[in-house]
A.B. asks: 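Please see the structure below; I have some questions.
All of these numbers come straight from a predicted model, not from anything done at the bench. As the structure lists them, so they are numbered: ligands from 1, and atoms in each ligand from 1. Reckoned from all heavy atoms, side chains included, excluding hydrogens, waters and symmetry mates.
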Amino acid sequence: MNTQSLDLFSQQFHQNPYDYYQNIRPHQPFAKVNMFIEGQRTWMAFTYEAAEAVLKDDRFIKDMRTVFPDEVTNENLPPIAQSMLFVDPPDHRRLRSLVQSGFTPKRIAKLSGRIEEIAREQASLMRNKKTVDFIEDYAFPIPIRVICELLGIPSEDRLDFQRWSNVMVEISDNAHYDESMSEFMTYLEKLIKEKRLSPKEDLLSDLIQVEEGGDRLQSSELYGVVMLLIVAGHETTVNLIANGLLALLTHPDQLELLKADHSLMAQAIEELLRFNGPVEFSTDRWARESFTFMGQQVEKGDHVLVSLASADHDPAAFADPSTLDITRKKSPHLAFGKGLHYCLGAPLARLEGEIALRVLLEEYPNLTLAAELSELEWRQSLIIRGLKRLPIKLV
Ligand code: HEM
């Protein structure tokens with residue numbers, strides 16, 4: 001098998017990407033592929049060693065304005081592409097520092113009571129149903145309600161956010177993308193205008209104040225960070241909870257172990273992130289210059305992606321990587337990335353994952369899968385690994 005022989009957006013790939021990675025990893029740790037942008041060379045890192053090396057190497061940069069100065073400018077770059085995830089130092093440091101303090105483990109731990117309330121509410125809303133779509137009824141609303149409360153935006157609008165953020169991470173045509181971005185911008189413009197008039201105790205009001213202060217946050221960057229947090233809040237933790245439940249249901253011995261001892265939950269979350277994590281590939285990186293990397297000649301402007309899912313199943317980094325073992329002790333998984341762009345929301349995602357699965361198992365200890373594995377449909381995204389629906393029988 002090689003990198004050209006499979007459609008990485010296909011259901012066939014998503015049903016079991018790990019077999020594909022297992023075949024390709026030993027032969028092509030860092031492989032050249034031609035499947036993305038016409039005339040653009042893309043490299044993919046498949047081994048743990050290559051993945052970690054790319055993520056830590058500052059010659060692989062994020063800002064397209066630096067790599068393609070003639071084509072990409074502030075004017076034609078959407079605000080989200082001007083957020084911390086898509087820029088390099090010193091802008092990266094400046095933008096990350098504006099929100100960093102709200103996401104430290106200590107600050108996030110204070111949210112545990114409220115997250116538990118939300119999880120219990122969502123669990124009780126499922127009470128009279130025998131079968132549910134676990135994503136729609138439970139895995140999706142919990143992280144969305146939390147990020148909306150943190151930002152101070154109405155979670156009732158979450159279906160709109162979902163639609164707009166889907167367009168950013170799934171395959172879509174340009175017209176559809178532009179239309180969704182413009183709706184998203186119009187929505188944020190109205191929201192930010194209202195917040196300016198009556199600020200509250202929330203992250204969005206704090207950011208607006210910084211922007212009004214002058215030199216630390218430009219207006220397009222304000223929109224960028226809000227969009228990034230909404231998208232990150234919508235696309236990731238939902239799939240930690242849903243992919244995690246699926247992994248447990250398909251490994252009943254591990255599920256029983258966890259049900260018998262909830263103190264294993266934090267360890268279990270780390271293993272679920274490694275085993276079937278929500279982010280399949282990193283976001284785009286670009287070679288700032290030409291150089292030799294892992295024995296390959298990389299040219300200035302080459303596009304680079306890291307398969308976090310493949311790295312986290314590399315036997316060179318994890319003993320028996322295809323086994324789900326919630327008692328696994330040390331897990332240096334890359335599910336949250338590594339280096340400069342290491343996930344800002346990791347403490348929040350871990351806490352939400354732990355609470356959501358614990359509450360679920362307390363309220364519905366006998367839940368089972370209500371579909372054949374082969375019937376489950378995966379979303380058409382290279383970045384996000386997540387199901388479209390997860391039918392679950394609750395009793
Ligand atoms: C299980 C859930 C999550 C996973 C697996 C995850 C994964 C990741 C990964 C892999 C990256 C780095 C991407 C790269 O280097 O290309 C990242 C960055 C980021 N994540 Fe998360 N994420 C999760 C949840 C969240 C949440 C809940 C938030 C915020 C509310 C968040 C906010 C961010 C931000 C702001 C960045 C950019 C950091 C930077 O550029 O410095 N993430 N995430």
Side-chain angles (χ1 to χ4, degrees), residues 44-45 51-52 54-58 60-63 80-100 102-105 107-108 111 115 139-140 142-151 153 161 165 169 203-204 207 221 224-244 269-286 303-309 311-312 333-357 382-386:
M44 284 185 171
E52 195 182 26
V54 170
L55 296 174
K56 286 164 76 174
D57 195 321
D58 65 8
F60 294 118
I61 63 172
K62 305 277 310 179
D63 199 327
I80 191 160
Q82 300 181 36
S83 68
M84 74 185 94
L85 184 53
F86 303 98
V87 299
D88 304 297
D91 286 337
H92 173 262
R93 207 172 308 117
R94 172 176 58 84
L95 293 173
R96 185 161 168 136
S97 70
L98 295 175
V99 282
Q100 179 94 54
F103 288 89
T104 59
R107 281 287 285 277
I108 291 302
L111 302 177
I115 298 173
F140 177 65
I142 297 172
I144 302 320
R145 288 179 62 186
V146 173
I147 194 69
C148 286
E149 285 188 14
L150 266 178
L151 279 164
I153 60 182
F161 299 144
S165 63
V169 300
L203 187 54
L204 181 53
L207 287 168
E221 293 171 337
V225 65
V226 178
M227 280 177 156
L228 177 64
L229 293 174
I230 291 176
V231 173
H234 275 69
E235 298 292 346
T236 52
T237 317
V238 42
N239 297 312
L240 164 61
I241 301 168
N243 294 359
I269 290 292
E270 296 311 303
E271 176 65 346
L272 295 170
L273 281 160
R274 181 197 73 79
F275 185 77
N276 200 14
V279 182
E280 179 103 35
F281 278 85
S282 69
T283 53
D284 302 324
R285 281 167 172 72
W286 309 91
H303 176 220
V304 184
L305 289 170
V306 173
S307 172
L308 304 172
D312 282 346
H333 66 73
L334 298 180
F336 289 119
K338 183 111 188 178
L340 218 55
H341 295 278
Y342 180 81
C343 178
L344 176 84
L348 176 61
R350 286 183 162 118
L351 187 66
E352 288 176 338
E354 285 173 33
I355 294 175
L357 284 182
L382 199 58
I383 298 179
I384 294 297
R385 174 162 177 73

A.B. asks: Keeping the roles fixed (side chain from D312, backbone from G277), state whether a donor-acceptor pair exists under 3.5 Å.
C.D. replies: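 No; zero donor-acceptor contacts below 3.5 Å.
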
A.B. asks: Using heavy atoms and a threshold below 4.0 Å, how should the contact between I147 and ligand 1 be classified: side chain, backbone, both, or neither?
C.D. replies: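 Side chain only; the backbone of I147 stays clear of ligand 1.
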
A.B. asks: Give the contacting part of V99 toward ligand 1: side chain, backbone, both or neither, where contact means a heavy-atom distance below 4.0 Å.
C.D. replies: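 Neither part.
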
A.B. asks: Just jot down the ligand 1 atoms closer than 4.0 angstrom to any heavy atom of A335, in number order.
C.D. replies: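 The list of qualifying atoms is 5 (C), 7 (C), 10 (C).
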
A.B. asks: Which residue holds the protein heavy atom closest to atom 13 (C) of ligand 1, what is that atom called, and what is the gap in Å?
C.D. replies: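 Result for atom 13 (C) of ligand 1: L85 CD1, 3.9 Å.
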
A.B. asks: Does the residue H92 have a heavy-atom contact with ligand 1, meaning some pair of atoms that are separated by less than 4.0 Å?
C.D. replies: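 Heavy atoms of H92 do come under 4.0 Å of ligand 1.
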
A.B. asks: By number and element, which atoms of ligand 1 are closer than 4.0 Å to a non-hydrogen atom of S282?
C.D. replies: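 In order of number, 16 (O).
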
A.B. asks: Check H341 against ligand 1 and report side chain, backbone, both or neither, counting heavy atoms closer than 4.0 Å.
C.D. replies: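 For H341, the contact with ligand 1 is made by both the backbone and the side chain.
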
A.B. asks: Do F86 and L95 come close enough that some side-chain heavy atom pair is under 4.5 Å?
C.D. replies: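 Not touching, per the 4.5 Å side-chain cut-off.
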
A.B. asks: Starting from atom 36 (C) of ligand 1, locate the nearest protein heavy atom and write down its residue, its atom name and how far away it is, to 0.1 Å.
C.D. replies: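 Its nearest protein heavy-atom neighbour is L344 N, 4.0 Å.
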
A.B. asks: Using the rule given for side-chain contact (heavy atoms from CB on, under 4.5 Å), can you reason through L229 versus V225, listing the C-alpha separation, both sets of side-chain angles and the distance that settles it, and then say yes or no?
C.D. replies: CA-CA 6 Å; L229 293 174; V225 65; 4.2 Å; yes

A.B. asks: Rounded to the nearest 0.5 Å, what separation is found between the CD1 atom of I355 and the CD1 atom of I142?
C.D. replies: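 These two atoms lie 9.5 Å from each other.
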
A.B. asks: Hey, which atoms in ligand 1 end up nearer than 4.0 Å to a heavy atom of P278?
C.D. replies: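 So the atoms of ligand 1 that pass are 1 (C), 5 (C).
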
A.B. asks: If we only consider heavy atoms of R285, is any one of them less than 4.0 Å away from an atom in ligand 1?
C.D. replies: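 Checking ligand 1 against R285, which is what was asked, there is a heavy-atom contact under 4.0 Å.
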
A.B. asks: Could you check whether any side-chain heavy atom of E221 comes within less than 4.5 Å of a side-chain heavy atom of R94, counting everything from C-beta outward?
C.D. replies: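 Yes, at least one pair of side-chain atoms sits under 4.5 Å.
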
A.B. asks: Compare all side-chain heavy atoms of E270 with those of R350 and state whether any distance is below 4.5 angstrom.
C.D. replies: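 Yes. Closest side-chain heavy atoms under 4.5 Å.
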
A.B. asks: For ligand 1, note which part of N239 has a heavy atom under 4.0 Å away: side chain, backbone, both or neither.
C.D. replies: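 It is neither part, as no heavy atom is under 4.0 Å.
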
A.B. asks: I need the atoms of ligand 1 closer than 4.0 Å to a non-hydrogen atom of F103, numbered in the order shown.
C.D. replies: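 Answer, ordered by atom number: 30 (C).
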
A.B. asks: Work out whether the distance between some heavy atom of L334 and some atom of ligand 1 is less than 4.0 Å.
C.D. replies: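 Heavy atoms of L334 never come under 4.0 Å of ligand 1.
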
A.B. asks: Need the ligand 1 atom indices (1-based, order shown) with element for anything under 4.0 Å from a heavy-atom of A232.
C.D. replies: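 Result: 28 (C), 31 (C), 32 (C), 42 (N).
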
A.B. asks: Under a 4.0 Å heavy-atom limit, does V279 contact ligand 1 with its side chain, its backbone, both, or neither?
C.D. replies: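 Within the 4.0 Å criterion, V279 contacts ligand 1 through side-chain atoms alone.
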
A.B. asks: Give me the nearest non-hydrogen protein atom to atom 27 (C) of ligand 1 as residue plus atom name, then the distance to 0.1 Å.
C.D. replies: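 Heavy-atom neighbour on the protein nearest atom 27 (C) of ligand 1: T237 OG1, 3.6 Å.
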
A.B. asks: Check whether any side-chain heavy atom of E235 sits under 4.5 Å from a side-chain heavy atom of V279, and report yes or no.
C.D. replies: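 With C-beta onward as the side chain, the pair stays apart.
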
A.B. asks: How many angstroms lie between CD in Q82 and CE in M227, if you round to the nearest 0.5 Å?
C.D. replies: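 Here the interatomic distance stands at 10.5 Å.
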
A.B. asks: In the structure I gave you, are the side-chain heavy atoms of L85 and L344 within less than 4.5 Å of one another anywhere?
C.D. replies: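 No. Closest side-chain heavy atoms not under 4.5 Å.
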
A.B. asks: Please write down residue, atom name and distance for the protein heavy atom closest to atom 38 (C) of ligand 1.
C.D. replies: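 Looking at atom 38 (C) of ligand 1, the protein heavy atom closest to it is R96 NH1, 3.4 Å.
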
A.B. asks: Under 3.5 Å, side chain of D88 to main-chain N/O of D63, donor-acceptor pair present?
C.D. replies: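 Here the side-chain-to-backbone pair exists.
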
A.B. asks: Is there side-chain contact between R385 and N239, with at least one heavy-atom pair below 4.5 Å?
C.D. replies: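 R385 does not reach N239 side chain to side chain.
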
A.B. asks: Hey, what do you get for CG (L204) to SG (C148), rounding to the nearest 0.5 Å?
C.D. replies: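 Answer rounded to 0.5 Å: 11.0 Å.
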
A.B. asks: How long is the gap from CG on L273 to CG on L308, to the nearest 0.5 Å?
C.D. replies: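 With rounding to 0.5 Å, CG (L273) is 11.0 Å from CG (L308).
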
A.B. asks: Going by the order shown, which atoms of ligand 1 are within less than 4.0 Å of some heavy atom of G337?
C.D. replies: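 In order of numbering, the contacting atoms are 10 (C).
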
A.B. asks: What protein heavy atom sits nearest atom 28 (C) of ligand 1, and how far off is it?
C.D. replies: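 Here the closest protein heavy atom is G345 CA, 3.5 Å.
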
A.B. asks: Would you mind checking which non-hydrogen protein atom is closest to atom 16 (O) of ligand 1, with the distance to 0.1 Å?
C.D. replies: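 Atom 16 (O) of ligand 1 sits closest to the protein heavy atom T283 OG1, 2.5 Å.
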
A.B. asks: Do me a favour and list the nearest non-hydrogen protein atom to atom 19 (C) of ligand 1 with residue, atom name and distance?
C.D. replies: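 Ranking protein heavy atoms by distance from atom 19 (C) of ligand 1, first comes C343 CA, 3.7 Å.
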
A.B. asks: Under 4.5 Å between any side-chain heavy atoms of V99 and M84, yes or no?
C.D. replies: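 Yes. Closest side-chain heavy atoms under 4.5 Å.
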
A.B. asks: Suppose we measure from atom 11 (C) of ligand 1 to each protein heavy atom; which comes out shortest, and what is that distance?
C.D. replies: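 That would be F336 O, 3.9 Å.
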
A.B. asks: Among I269, T236, N243, L348, which one puts a heavy atom closest to atom 25 (C) of ligand 1?
C.D. replies: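 Ranked by closest heavy atom to atom 25 (C) of ligand 1, first place is T236.
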
A.B. asks: Which of the atoms of ligand 1 are close to L240, meaning less than 4.0 Å from one of its heavy atoms?
C.D. replies: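 So the atoms of ligand 1 that pass are 1 (C).
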
A.B. asks: Below 4.5 Å, heavy atoms only, C-beta onward: do K62 and T283 meet side chain to side chain?
C.D. replies: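 Yes, their side chains come closer than 4.5 Å.
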
A.B. asks: Report, in ascending order of atom number, the atoms of ligand 1 lying under 4.0 Å from any heavy atom of A349.
C.D. replies: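 Those of ligand 1 that fall under 4.0 Å from A349 are 1 (C), 2 (C), 24 (C).
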
